[in-house]
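Reading through the structure tokens given below for one structure.
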2 protein chains.
Amino acid sequence: MLNSYSSADKVLLAVDCIIFGFDNEGLKILLIKRDFEPEKGKWSLIGGFLKKDEVLDSAAIRILDSYTGLQDIYMEQLHAYSEIDRDPVERTISVAYFALINIENHNAELIQNYHAQWFSVANAPKLIFDHDTMLRHAIRRLRYRTSIKPVGFELLPEKFTMRQLLELYEAILSKELDKRNFISKINSLDILIKLEEKDMMSSRKGSYLYTFDKEKYDAKLLNDFVLNL
Amino acid sequence: MLNSYSSADKVLLAVDCIIFGFDNEGLKILLIKRDFEPEKGKWSLIGGFLKKDEVLDSAAIRILDSYTGLQDIYMEQLHAYSEIDRDPVERTISVAYFALINIENHNAELIQNYHAQWFSVANAPKLIFDHDTMLRHAIRRLRYRTSIKPVGFELLPEKFTMRQLLELYEAILSKELDKRNFISKINSLDILIKLEEKDMMSSRKGSYLYTFDKEKYDAKLLNDFVLNL
DNA sequence: TTTATTAATGTTGATTTTACACTTAGTCTA
DNA sequence: TAGACTAAGTGTAAAATCAACATTAATAAA
């Protein structure tokens, strides 16, 4: 009978995380060198299995924390992957999540212990199973998400310059943007605070630091914006 | 050990389908009156369990077919829902799919046997479990999807009038659209064939029938469009 | 042939988007 | 301390797109 619970099959459920970071070299992902079979020694997304009494979102949070030591991170469910032989060991359905982290904050020691490593998205190694597909989908989703929600800031330090923000969007979209047009579009969203403070690292003149004004953004109770870059 | 397959928990995986249809009354969904416990007699999305050697997409196709007799239907995975007690009988994770069907094509006898029924999306009954959430998400996704891909046509007959197309988009977006602006935006996509034939049902004058030009659309090898209505 | 009904069609002003280059501030060095 | 260097900061004009709006056309019924 179609709807009988008892006769239905149970399956393994995994969670794989596409962990994005950003630095002055561009958009990065955190990968791990598998130290167990199958595909030992190959590069892989960071993942784990769902526990019986755990919600998918929590599993993703747990897995991210265990590899990076980070909490309170922006994560979003991407898609469930279920090809029969996607994992050669055993039938496993994987629900992919992507995370946006400030690359400076992760626990370096932890990721070293796990043989994890940051790779430029542009020239990441071939990944195991269907992880390349997951990554491709994650980038597509990231482009969409950053065009309607203020989540790009998750990838930057608390205080950032307009140039950093510009380069972040350029990295996400894989295309060059016009500086002046970009700045005026960002300013028209009216969600940044321009600080007194300047960043003196990048130039003699120094450039103003900005910070995302979450209170103001939330107070608008608004629908998503449309950021056409 | 975190990555050991054998010690990981297995869970039940369900697939629930949000089946959209459209007629002159507006956007509809197909619901079923549950004839088993729990929540017997309540309205529910159409669903079933994933089989051991089945891919999620196939399960969704199988379930849709079994309730409507339809094949070759546009379906898209929506999201995986995993709240611990979402199904009170047993821990079940459900992957929701939505389907777009031409409402005239379904097998009426089949859906009658299943006590399935079409409801206006606008005033659908309260659904069991988290199915209301799924429906809400499906509508949001449908709005997005139809704004970038030519999938709205899936909800219409092979041949349709501009008025039908307009009313479809109005139903999807829950807002009125300007007829002239709508038509010129649609025409600028250049993906419809205007037939000689007219539909004489709706008026004395009759209105031209159109059909979606899939060949032309595919031939463009293009990225998604942006339909700003 | 008049009437009634829905289909079909274009223009204008407003807004948004794009393309584009010079000045400024501050540090370094000669 | 003057001049050179470097990235930051800033505005405008032309083009494209969007939004608002009303009349004529075709046909069947009376």
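Heavy-atom basis, side chains included; hydrogens, waters and symmetry copies ignored. Every chain is numbered from 1, with letters handed out A, B, ... down the list of sequences.
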(message) Just checking A:K220: does its NZ atom have more than 12 heavy atoms from other residues, nucleotides or ligands closer to it than 6.0 angstrom?
(response) yes
(request) Rounded off to whole Å, could you give me the CG-to-P distance for the B:N228 and D:dA20 pair? (result) 14 Å
(request) Indicate for each nucleotide in nucleotides 24-30 of chain D, in 5' to 3' sequence, whether protein heavy atoms under 4.0 Å reach the base (B), only the sugar-phosphate (S), or nothing (-). (result) -BBBBS-
(message) So, taking the atom named CG in B:L192 and the one named CG in B:D213, what distance separates them when rounded to the nearest 0.5 Å?
(response) 8.5 Å
(message) In terms of relative ring orientation, are B:F20 and B:F98 parallel, tilted or perpendicular, with 30° and 60° separating the classes?
(response) perpendicular
(request) Return the orientation label for the A:H137 and A:Y81 ring planes: parallel under 30°, perpendicular over 60°, tilted otherwise. (result) parallel
(request) For A:L209 and D:dA8, give me the distance from atom CG to atom C1', rounded to whole Å. (result) 13 Å
(request) Quickly work out the B:L227 CG to D:dA19 P distance and round it to whole Å. (result) 12 Å
(request) Identify, residue by residue, the members of residues 180-193 of chain A with a heavy atom below 4.0 Å from DNA chain D, and return them in order of residue number, or none. (result) A:R180
(request) Can you label the angle between the B:Y217 ring and the B:F225 ring as parallel, tilted or perpendicular, going by 30° and 60°? (result) perpendicular
(message) What I'd like to find out is whether the side chain of B:V95 reaches to under 4.5 Å of the side chain of B:Q77, using heavy atoms alone.
(response) yes
(request) Report yes if the side chains of A:R145 and A:E76 come closer than 4.5 Å at any heavy-atom pair, otherwise no. (result) yes
(message) Within the 4.5 Å heavy-atom criterion, are A:D178 and A:F182 side-chain neighbours or not?
(response) no
(message) Rounding to an integer number of Å, can you tell me how far A:L165 CG sits from D:dA7 C1'?
(response) 17 Å
(message) Between C1' on D:dG9 and CZ on A:R163, what's the gap in Å once rounded to a whole number?
(response) 12 Å
(request) Quickly work out the B:F160 CZ to C:dA7 C1' distance and round it to whole Å. (result) 16 Å
(request) For residues B:W43 and B:H131, establish whether the separation of their ring centroids is below 6.0 Å. (result) no
(request) Quickly work out the A:D178 CG to C:dC22 P distance and round it to whole Å. (result) 15 Å
(request) Could you check how far NZ of B:K194 sits from P of C:dA7, rounded to whole Å? (result) 13 Å
